[in-house]
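Read through the structure below, which is laid out as structure tokens, and then see the notes.
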Amino acid sequence: MKDSTIIKPYLRLAGLEPLVVRPETNFINVGERTNVTGSKMFARLIKENKYEEALSVARQQVENGAQVLDVNMDDALLDGVQAMTTFLNLVQSEPDIARIPIMIDSSKFEIIEAGLKCVQGKCIVNSISMKEGEAKFIEQAFICQSYGASVIVMAFDEKGQADTKERKVEICHRAYKLLTEKVGFDPQDIIFDPNIFAIATGLEEHNNYGQDFIEATREIKALMPLTKISGGVSNLSFAFRGNDHVREAMNSVFLFYAIKAGMDMGIVNAGQLVVYDEIEPKLRELCEDVILNRNNDNNEATEKMITFAETVKAKGKEVVKDEAWRNSSVEERLKHSLVNGITDYIDQDTEEARQKYPKPLDVIEGPLMDGMNVVGDLFGSGKMFLPQVVKSARVMKKSVAVLTPFIEAEKELRRQAHIKAGTVNEEGAGAAKILLATVKGDVHDIGKNIVGVVLGCNGYDIVDLGVMVPTDKILDTAEKEKADIIGLSGLITPSLDEMVHVAHEMKRRGMKQPLLIGGATTSRMHTAVKIAPQYDNGVVHVLDASRSVTVAGTLLNAEQKPDMLKTIKSEYTKLATDFANKKTTKEHLPFAAAQANRVKIEWDKYTPPVPTFNGTKVFKDHDLSQIRKYIDWQPFFIAWEMHGKFPQILSDAVIGSEATKLYNDANTLLDKLIKEKWLSAQGVVGFWEASAVGPDTVQVRPEAGGERQEAGDIRLESLRQQSKKAGGQPNLALSDFIAPSNTGKKDHIGAFSVTIQGIEPHIKKFEAAHDDYSKITLQALADRLAEAFAELLHEKVRKEFWGYVKDEKLSNEDLIKEKYVGIRPAPGYPACPDHTEKYKLFELLGGKENTGITLTESLAMYPAASVCGWYFSHPQSQYFGIGKIQKDQFDDYVKRKGMSVEEMGRWLRPVME
């Protein structure tokens with residue numbers, strides 16, 4: 001059996017940008033308007049050879065939130081092969097369209113094959129089926145696979161289209177076995193379309209079509225969990241064509257239930273979906289009755305829907321539209337407009353709010369942000385989809401555009417105070433402007449926030465772009481805002497590569513601003529070796545916020561800047577030269593010799609402890625007052641750049657007084673957030689049978705009968721220390737601490753994640769009040785609570801859940817000093833520096849549903865106050881760092897992981913020699 005399901009368990013698509021469909025990924029919207037059978041306008045443009053104009057239809061779908069673009073050229077009057085080839089070639093030359101993956105859609109395979117020759121990245125073929133028999137199906141599947149495409153498989157066989165739940169499941173399972181066993185498809189590259197048929201047609205045999213699709217989806221995902229489910233959503237409401245009001249409601253209600261059952265993607269009009277909660281109750285109930293086939297004896301539900309639809313048709317959509325919301329407060333009206341994407345009244349409502357609030361900025365930070373918070377909640381709960389969120393963002397932008405002139409006028413008045421004293425930018429319009437951003441893929445921003453506050457207090461105008469900011473956005477904004485300095489922040493190691501990329505792009509664009517580098521993962525050496533050579537106009541590593549003021553002041557002083565940059569360039573050049581010419585002080589072993597020098601454990605004299613349960617246990621809303629007892633306060637003070645041991649720092653002769661004030665303020669805020677339940681703690685712990693099946697490989701067997709059983713075993717790959725050790729000292733790897741399979745011992749491995757949720761509304765409250773002190777204190781406390789929760793759960797694991805040291809009695813100080821038995825190393829950290837093992841950890845733990853955590857493309861965790869790791873129970877297990885690995889180990893690791901040399905090299909660059 002191929003173990004690719006273990007190595008890359010997610011559907012991975014790509015245009016110019018990747019789209020990875022993980023368990024925590026929201027519903028994928030496939031834009032349907034670039035389809036000659038579904039859009040009269042698009043069909044007309046194609047038939048008239050107006051391909052350039054037809055691109056605007058594609059662009060509109062992308063702008064409206066489509067994440068995949070469906071392209072169909074099936075028309076009797078078209079040369080389908082020529083039309084598909086021409087249009088897709090044009091699409092590939094438009095980066096704003098080509099950034100998303102393409103779905104090549106046709107009932108004629110020659111058109112599909114023509115499309116496959118045009119697209120870049122990894123596309124989806126829509127579709128193949130067994131309607132012409134297995135031989136043809138397998139032949140077409142091999143062709144799709146040769147182009148690297150994922151495939152949609154229609155539930156269609158020699159007998160016809162599947163219309164019942166049983167037939168849908170049967171055909172899809174048969175196709176699955178052919179694709180995986182005879183063609184060699186990875187399960188995650190298979191997308192089933194179990195057929196969405198029209199309901200409420202008046203024919204009783206059609207009444208259960210919606211429910212059949214939903215239940216078939218549920219069974220297919222249980223039987224073949226790595227596969228995906230798609231469908232043409234608009235087919236469902238075809239009986240009501242011409243009545244958009246009813247169709248949009250039916251489609252949204254259907255999606256709400258289908259997604260809950262496991263539907264992953266669908267071909268929808270990305271600009272026409274209704275928010276589930278905003279559908280008028282009577283219509284929503286009627287939709288549910290016909291979709292779920294309830295209260296439908298003798299077509300009763302169908303008749304009621306038809307009657308309602310006729311009423312809407314007769315009166316017109318505008319007549320039945322509820323305008324009662326216009327009678328509410330301006331705050332409620334703004335929120336309603338944001339949630340529903342309504343721009344009709346936004347100008348007048350914004351102006352009314354501006355006159356009501358003391359400052360125009362209060363309108364943005366108050367009712368507008370409240371409305372966007374509602375949008376975020378609806379989206380997160382699956383009751384709102386990406387297109388609506390995009391519409392909401394546009395309403396927000398339109399409102400902000402009304403307020404901007406007034407905000408700028410106020411700003412100009414404030415800036416006048418800076419012109420006569422202090423540093424001004426080249427235009428002399430006010431204080432020097434510094435743009436700050438946490439780079440793409442990274443969610444950590446406490447340090448950046450502190451830098452922003454410090455610089456702001458020193459008279460600089462701060463433009464903070466937040467977290468996970470793409471390079472183009474950073475640089476485009478810097479040019480638009482005429483920023484004088486750009487500052488980049490990052491906490492996780494992949495952020496280093498992003499910073500290199502930003503510097504490279506600054507040089508390519510011919511930019512002149514100095515570039516500041518900061519964050520926990522950065523260093524002066526890395527800046528000198530990797531970042532500075534990419535950009536010639538000044539790259540400076542800033543150790544902490546307190547030094548940022550001096551650095552910024554010098555860089556913005558026309559007389560001092562040249563000497564500073566000259567000095568830094570000289571220092572960095574020397575560092576880079578020394579790095580390139582350095583003689584390695586450590587000798588390294590050949591990889592095979594390092595593997596042979598593993599930890600010596602007498603497994604025949606050891607009985608591995610057995611956990612009290614297999615599988616996962618979820619802790620929701622855990623008591624924060626209990627977690628509080630496990631807080632390690634020292635990193636809290638470090639976040640505020642106050643260095644010293646706790647509690648001694650409180651009586652320090654120099655900073656003791658301020659440290660005590662900070663400590664008291666933090667505890668006051670902690671008391672408040674616990675009492676008022678600002679934050680919630682969610683954690684999950686899991687245990688599974690495991691054995692070492694290779695020198696550096698641990699095979700994990702998910703629980704018998706559990707939700708992951710069908711997905712097969714998971715192989716965890718570890719790296720091994722390769723430096724030559726003193727006599728008797730082993731070359732450690734985490735796999736050493738799990739019993740080898742040939743010992744006959746039944747061992748286990750554990751995993752955990754914890755997260756602190758709910759910080760966002762309180763952060764926004766502090767931002768609205770311009771209270772950066774409380775905002776940063778809250779962020780730092782959330783981080784401390786996450787680490788404390790990890791400590792609490794690990795104690796429970798040792799004493800209860802795994803129970804290998806039931807009588808342990810350790811103080812909080814002992815826990816901080818890691819005096820406990822066993823370890824909890826985290827992917828991306830010294831003992832297991834490969835962040836990509838995090839995918840497996842979260843798969844075992846049950847994904848976002850159990851963990852409450854989303855992984856970014858750089859594998860940072862969101863919410864930022866989150867911790868995860870593995871549990872090892874063996875008394876000889878210990879924390880360690882891998883150090884540098886050599887090429888022979890890297891080559892072996894690449895093979896074990898099944899990833900490309902380039903991709904693996906990007907993740908392991910920090911530990912490669």
Side-chain angles (χ1 to χ4, degrees), residues 490-497 500 519-531 541 575-576 578-601 692 694-698 716-738 818 822-838 841 858-859 868-870 872 874 876-897 899 901-913:
L491 181 75
I492 59 175
T493 50
S495 298
L496 298 174
D497 286 339
V500 172
T521 193
T522 64
S523 68
R524 190 162 167 262
M525 179 63 80
H526 181 270
T527 303
V529 174
K530 297 291 186 180
I531 304 176
H541 179 254
L575 283 171
D578 291 346
F579 181 85
N581 297 331
K582 71 175 182 177
K583 303 295 183 184
T584 303
T585 56
K586 288 186 178 179
E587 292 182 50
H588 288 86
L589 298 176
F591 183 43
Q595 288 179 311
N597 189 37
R598 61 189 293 116
V599 177
K600 304 296 189 292
I601 295 177
D696 304 287
T697 301
V698 172
L716 308 181
E717 304 296 351
S718 57
L719 291 164
R720 184 173 295 278
Q721 293 175 328
Q722 229 176 322
S723 60
K724 188 173 182 180
K725 299 294 190 78
Q729 295 295 312
N731 290 82
L732 298 165
L734 289 175
S735 54
D736 292 350
F737 307 126
I738 298 292
E818 300 169 353
I823 56 174
R824 58 170 193 272
Y829 285 82
C832 42
D834 178 11
H835 279 275
T836 67
E837 290 291 287
K838 215 176 281 180
L841 186 148
S858 294
L859 293 175
C868 71
W870 304 107
F872 291 82
H874 196 279
Q876 286 181 244
S877 62
Q878 60 181 284
Y879 292 107
F880 61 91
I882 291 296
K884 297 294 184 181
I885 66 171
Q886 306 300 296
K887 187 176 184 302
D888 52 356
Q889 179 168 190
F890 175 74
D891 291 343
D892 178 83
Y893 194 72
V894 167
K895 291 178 183 176
R896 284 188 279 132
K897 291 282 288 188
M899 296 169 73
V901 170
E902 181 182 3
E903 186 176 8
M904 201 70 259
R906 182 169 68 88
W907 290 105
L908 293 185
R909 190 169 291 120
V911 297
M912 292 174 66
E913 189 66 51

Problem set entry | Heavy-atom check, side chain of Pro827 versus side chain of His835, under 4.5 Å | no

Problem set entry | Residues forming a salt bridge (charged side-chain N to carboxylate O under 4.0 Å, His left out) with Asp891, sequence neighbours excluded | Lys887

For this session: Start with the C-alpha distance between Gln878 and Asp736, add both sets of side-chain angles, then the distance that settles side-chain contact (heavy atoms from CB on, under 4.5 Å), and finish with yes or no.
Result: CA-CA 11 Å; Gln878 60 181 284; Asp736 292 350; over 6 Å; no

Exercise. With the threshold set at 4.0 Å, does a side-chain nitrogen-carboxylate oxygen contact exist between Asp497 and Arg906?
Worked result: no

Seminar exercise, completed: To the nearest 0.5 Å, atom CD1 of Ile885 lies from atom CG of Asp892 at 10.0 Å

Exercise. So, the side chain of Ser735 versus the backbone of Pro695: is there a donor-acceptor pair under 3.5 Å, distance only?
Worked result: yes

For this session: Would you mind reporting whether Val599 and Leu732 have side-chain heavy atoms less than 4.5 Å apart?
Result: yes

Exercise. Can you list the steps and then say if Phe880 with Leu734 is a side-chain contact (heavy atoms from CB on, under 4.5 Å)?
Worked result: CA-CA 9 Å; Phe880 61 91; Leu734 289 175; 3.8 Å; yes

Exercise. Are any non-hydrogen side-chain atoms of Val500 and His526 less than 4.5 angstrom apart?
Worked result: yes

Exercise. Just by modelled atom types, is the Phe591 backbone N or O under 3.5 Å from a matching donor or acceptor in the Asp888 side chain?
Worked result: yes

Exercise. Quick check: does any side chain N or O of Lys725 sit under 3.5 Å from a backbone N or O of Pro730, one acting as donor and the other as acceptor?
Worked result: yes

Seminar exercise, completed: Hits for salt bridge (charged side-chain N to carboxylate O under 4.0 Å, His left out) against Arg524, two or more places apart or cross-chain, chain-then-number order -> Glu571

Exercise. Does some side-chain heavy atom of Ser718 sit less than 4.5 Å from a side-chain heavy atom of Val698?
Worked result: no

For this session: Give, for atom CH2 of Trp870 and atom CG of Leu841, the distance between the pair rounded to the nearest 0.5 Å.
Result: 4.0 Å

Problem set entry | Point-to-point distance, once rounded to the nearest 0.5 Å, from OG1 of Thr522 to NE2 of His541 | 3.0 Å

Problem set entry | For Asp834, all residues meeting side chain to side chain contact (heavy atoms under 4.5 Å, CB included), sequence neighbours excluded | Thr836, Glu837, Tyr893, Lys897, Met904, Trp907, Leu908

For this session: Rounded to the nearest 0.5 Å, what's the gap from CD on Gln729 to NZ on Lys724? Could you check?
Result: 14.0 Å

For this session: Would you sort out whether Leu496 and Lys530 count as a side-chain contact (heavy atoms from CB on, under 4.5 Å), showing the intermediate values?
Result: CA-CA 9 Å; Leu496 298 174; Lys530 297 291 186 180; over 6 Å; no

Problem set entry | Gly881 backbone acceptor or donor facing Tyr829 side chain under 3.5 Å | no

For this session: State which residues pass salt bridge (charged side-chain N to carboxylate O under 4.0 Å, His left out) with Asp696; sequence neighbours excluded, sorted by chain then number.
Result: Arg720

For this session: To the nearest 0.5 angstrom, please state how far the CG atom of Asn731 sits from the CD atom of Gln889.
Result: 9.5 Å

For this session: Check for a donor-acceptor pair, side chain of Lys838 on one end and backbone N or O of Gly869 on the other, with a separation under 3.5 Å.
Result: no

For this session: List for me each residue that meets ring-ring contact (aromatic ring centres under 6.0 Å, His included) alongside His874, sequence neighbours excluded, and say none if there are none.
Result: Trp603, Tyr606

Exercise. Can you tell me how far the OG atom of Ser723 sits from the CG atom of Leu589, to the nearest 0.5 Å?
Worked result: 7.5 Å

Exercise. Any idea which heavy atoms bring Phe737 and Gln876 closest together, and the distance?
Worked result: CE2-O, 3.5 Å

Problem set entry | Over all atoms of both residues, closest heavy-atom pair of Cys832 and Ala826 | SG-O, 3.1 Å

Problem set entry | Test salt bridge (charged side-chain N to carboxylate O under 4.0 Å, His left out) applied to Lys600 - qualifying residues, sequence neighbours left out | none

Exercise. Are side-chain N/O atoms of Gln886 and Gln722 paired as donor and acceptor at under 3.5 Å?
Worked result: no

